[in-house]
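So you know, we letter chains A, B, ... as the sequences are listed, proteins then strands, and number each from 1.
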Protein chains: 2
Amino acid sequence: MRITAQEEYGLRCLLQLAYLPQGKSVTVKEVAAKEGLSTAYVEKLLRLLGRAGLVHSVRGMRGGYVMNRAPAQITLGETIRALGTIQTTGHICSAFTGSKDICVHFNGCSIRSIWSGLTSYIQRYLDDTTLADLLEDEYVLSTRLAKRLT
Amino acid sequence: MRITAQEEYGLRCLLQLAYLPQGKSVTVKEVAAKEGLSTAYVEKLLRLLGRAGLVHSVRGMRGGYVMNRAPAQITLGETIRALGTIQTTGHICSAFTGSKDICVHFNGCSIRSIWSGLTSYIQRYLDDTTLADLLEDEYVLSTRLAKRLT
DNA sequence: CGATAATATGACTTTTTTGTCAAGTATTCT
DNA sequence: AGAATACTTGACAAAAAAGTCATATTATCG
């Protein structure tokens, strides 16, 4: 159960845009330098975010990437879904790699229920968090997050 | 954000043992046949569960694998941790692959807070579920799971 | 005691995911 | 227009994860 590299780095790059005053653009090169990633990789990540409609690019000199919405209007859930599916189920029951024709648990498979329940549960957490929350001071945020668990 | 193949298939194999009357063993071959997986793979998965102390094996003729505890005494969390870490943080901040010496977000990194909050959140869900829950009828379980989200 | 049924293990192959590259297109500045 | 700056794209290379194999060990049955 893990966050993928693409999700992690993609989020970081998006936050670099979120740090800026609204409407301001930043180049791939700058983001790459700040995050310590290669420009090629940052390009790929920002393009994924672009396809999902979270950012857009301006070509040519003075170009760069810009957020399409304010940080408070973009959830962590949207971001993660743009970078890699939140899949804890389905990909097994439907695209089963074993030798049987269909998933052996097809009838009355409780595993499916657990995974889909977990997926909803995670989505709720992610959708309750916006990029604006992530721009906050770490201490403030972590104390607020602790309350969710009670 | 996803469940790995090892976690999925490992859980399935463990459930095959959980279905049995307590103390009964089942061979790798049988589990493999029931799950539609190769025996080599099932061996690997059951060994992982064995190392974590969830099951043990009996060698030789009439041998096989047996649960160490009753299904109600084994949580989904333990199972997943035996098969692959529930890692949503740390592996980036400490083992950062970028070109900078340390994670650029080292000071006041809210990403870390979010991930560790999410990890605790997920763990709670998983630790509240036992294998006995997974042996239940799918319909009964799914309605019960829905309540957790309210 | 030998044959058979079973698990044990680590190295190896395949597949998927990550990350890079090279060649191309658009925009602005002079 | 030409040069410089930036994004675009799909194919490729590298790394990690998934899954297999060959060989060894252990236990039971006759």
Would you mind telling me which residue lines up with the more 5' stretch of DNA chain D, V26(A) or G60(B), judged by nearest nucleotide?
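Checking each residue's closest nucleotide, the 5'-ward one belongs to V26(A).
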Report yes if at least one side-chain N or O of [X] is closer than 4.0 Å to OP1 or OP2 of [N]; otherwise report no.
| X | N | value |
| --- | --- | --- |
| S57(A) | dT8(D) | yes |
| R62(B) | dC29(D) | yes |
| Y65(B) | dA8(C) | yes |
| T4(B) | dA17(D) | no |

Run the side-chain contact (heavy atoms from CB on, under 4.5 Å) check on Y19(A) and L135(A) step by step: do they pass?
CA-CA 7 Å; Y19(A) 285 134; L135(A) 296 176; 3.4 Å; yes
What is the distance, rounded to the nearest whole Å, between atom [atom1] of [X] and atom [atom2] of [N]?
| X | N | atom1 | atom2 | answer |
| --- | --- | --- | --- | --- |
| E43(A) | dT5(D) | CD | P | 15 Å |
| M61(A) | dG2(D) | CE | P | 17 Å |
| L48(B) | dG19(D) | CG | P | 12 Å |
| M1(A) | dA17(D) | CE | P | 15 Å |
| L83(B) | dA17(D) | CG | P | 15 Å |
| K44(B) | dT9(C) | NZ | P | 14 Å |
| I3(A) | dT17(C) | CD1 | P | 16 Å |
| E7(A) | dT17(C) | CD | P | 12 Å |

R69(A)/E78(A) salt bridge by N-O under 4.0 Å criterion:
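Yes.
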Using a strict threshold of under 4.0 Å (side-chain N to carboxylate O), is an ion pair present between R144(A) and D133(A)?
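R144(A) and D133(A): salt-bridged.
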Between dA8(C), dG19(D), dT20(D), spot the one nearest the side chain of S38(B), thanks.
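The listed nucleotide nearest to S38(B)'s side chain is dT20(D).
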R47(B) side chain, from C-beta outward: closest of dT8(D), dA8(C), dA6(D):
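For R47(B), the side-chain atoms sit closest to dA8(C).
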Can you tell me how the ring of Y121(A) sits relative to the ring of Y121(B), calling it parallel under 30°, perpendicular over 60° and tilted otherwise?
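Parallel.
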Hey, is the side chain of R59(B) pairing donor to acceptor with the base of dT25(D) inside 3.5 Å?
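Such a pair exists between side chain and base.
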Got a second to check how far I74(B)'s CD1 is from L54(B)'s CG, nearest 0.5 Å?
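I74(B) CD1 to L54(B) CG: 5.0 Å, rounded to 0.5 Å.
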Residue mapping more 5' on DNA chain C - nearest nucleotide basis, V58(A) or T39(A):
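Closest to the 5' end, via its nearest nucleotide, is T39(A).
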